[in-house]
Asker: 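Here it is, the structure, as structure tokens.
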Number of protein chains: 2
Amino acid sequence: MPPASDARPSALNAMALSAVIERNRRQFRTATEFVEAAMREGILTGALPAGAPLRQEELAAAFGVSRMPVREALRQLEARALVEFHPHRGAVVAEISAGDSADISAIRAALEPAALRLSLPRLTTDDFALAEELIGEMDAETDPGRMGELNRRFHMTLYARAGRPRLLALAEQHLAAADRYLRFQFAALGYHPRSQDEHHALLAACRAGNADAACAAVVNHILAAETLLTAFLGERGS
Amino acid sequence: MPPASDARPSALNAMALSAVIERNRRQFRTATEFVEAAMREGILTGALPAGAPLRQEELAAAFGVSRMPVREALRQLEARALVEFHPHRGAVVAEISAGDSADISAIRAALEPAALRLSLPRLTTDDFALAEELIGEMDAETDPGRMGELNRRFHMTLYARAGRPRLLALAEQHLAAADRYLRFQFAALGYHPRSQDEHHALLAACRAGNADAACAAVVNHILAAETLLTAFLGERGS
DNA sequence: TGCCTGGATATTGGATCCAATCTATCGATG
DNA sequence: CATCGATAGATTGGATCCAATATCCAGGCA
């Protein structure tokens, strides 16, 4: 049953998506790619909140295409566990939960140290400089969306030299998925300053070339955020 | 005219797919699910070889459906990196390469120990018995397809109690992807008996409740296969 | 003779149309 | 008055149809 009153708020606020839409209408060769990218960004940034019903007709109208590219995009997102299909009842944005958060954290805690260990020996001083710059930008950032983006770029900068495209894609995918949760926490609790300390510690270990310490720092960083978030989600009973 | 001089061998041999098709036509609620499952199995089992062009019309005819479910299925498989789209040139089964194999092995070597570590404390004697039975079946198996299936079930049995659905799905997905490569090696080199020793060692460590040893055994097992395969693929220059 | 150009063909990408089915409202009945 | 059932509406799943584009082959030209 939908939330009692408020029958169907048509949770798709075209407003939130319009920014994504307008930005890069021409950037993609096919409409399907465009719709897929826009919807993924919409889900990850929270413009499409968890549980929101995704009506094909509505989305098609919002994107100015027919239902078909929307359907194909939804299938791709289903394969990425970002949307769920219910037979003849349509698709909804995948729900978030404490269990799912723990799941994603476990995956991150497995993938990211592996990527870092492969990448670390090949990182250059330019990479370190970029990573440090990104930490600095995070200090000044207040918008959750930009913060997530900076955090993701910081992490991926350190992993970038791993030379394993699939591993990196998987890591980035789950880093982005974690963003959904971190944004949630960010909005409720505000920015946790210890995170920045962890970023500095991680970068320092990388600069020192200490792979074990760096990997430990990454895992610690991931699990610390997870602990914080689990407690928060647990309290809300969600 | 479709046949013409048969310039393109139409690498899709409906013969190979028919087994998959006939087996469970009724099992799926939607045609898209059915096509997606059948094609995924076809790719992973090698019935659809790497590089094979996937003509929508042809697949639709083979499955007895229209092009639309095929298109949606192809999009899902694209998201799983099993097929590649070339604009206006169609989709092909994703190529295999030494680099990709190393990529998948790196992912497995990261995910599977994590899953095992979570699962190990909760494994029951029944689980161990099933795992041992699967090893036994592998001894007698000669068909590469069944062998891959048994190997996958053996591994997943040990991870099953991790209680992390996404982590397990990801692990199984990459275990299946690795199967594509192992089948390749299997056909060329025959079965490598040391693999069974590794399976026994892994199971023994699990039974002893020694998480560190078990994880080390898994990683060793994965990397040993990878080393063998990389050498083989490297020789062929693929 | 070799290369470039142009048209024919095949195949995909996208739109529209139809059928199946789930939801919801409204009415009948115990 | 509550509960159950039927009918109407909405929405998805699938099929067919049209447009856009890449490939292929033939023919002309340097």
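Every chain is numbered from 1 and lettered A, B, ... according to where its sequence line falls, protein lines coming before strand lines.
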Asker: Using a cut-off of under 3.5 Å, enumerate the N/O to N/O pairs linking the protein to nucleotides 13-15 of chain D.
Answerer:
residue: D:dG13; atom: OP2; partner: A:Q56; partner atom: NE2; Å: 3.4
residue: D:dG13; atom: N7; partner: A:R67; partner atom: NH2; Å: 3.1
residue: D:dG14; atom: OP1; partner: B:A31; partner atom: N; Å: 2.4
residue: D:dG14; atom: OP2; partner: B:T32; partner atom: OG1; Å: 3.0
residue: D:dG14; atom: N7; partner: A:R71; partner atom: NH1; Å: 2.9
residue: D:dG14; atom: N7; partner: A:R71; partner atom: NH2; Å: 2.9
residue: D:dG14; atom: O6; partner: A:R71; partner atom: NH1; Å: 3.4
residue: D:dA15; atom: OP2; partner: B:S66; partner atom: N; Å: 2.9
residue: D:dA15; atom: OP2; partner: B:S66; partner atom: OG; Å: 2.7

Asker: Taking the side chain as every heavy atom from C-beta outward, state whether A:M68 and B:M68 have any atom pair closer than 4.5 Å.
Answerer: yes

Asker: In whole Å, what is the span from the CD atom of B:E57 to the P atom of C:dT9?
Answerer: 17 Å

Asker: Which word best sums up how the rings of B:F34 and B:F63 line up, parallel for under 30°, tilted for 30 to 60°, or perpendicular for over 60°?
Answerer: perpendicular

Asker: CD of B:E58 versus P of C:dT11: gap in Å, rounded?
Answerer: 8 Å

Asker: Within this structure, what is the CZ-to-P distance between B:R55 and C:dT9, rounded to whole angstrom?
Answerer: 18 Å

Asker: Could you list the residues that satisfy side chain to side chain donor-acceptor pair (under 3.5 Å) with B:E78, not counting sequence neighbours?
Answerer: A:Q76, B:R75

Asker: If you take all heavy atoms of B:R183 and B:L44, which pair is closest and at what distance?
Answerer: NH2-O, 3.3 Å

Asker: Could you go through A:D143 and A:E141, starting from their C-alpha distance and side-chain angles, then the distance that decides it, and tell me whether this counts as side-chain contact (heavy atoms from CB on, under 4.5 Å)?
Answerer: CA-CA 6 Å; A:D143 175 62; A:E141 189 58 65; 3.4 Å; yes

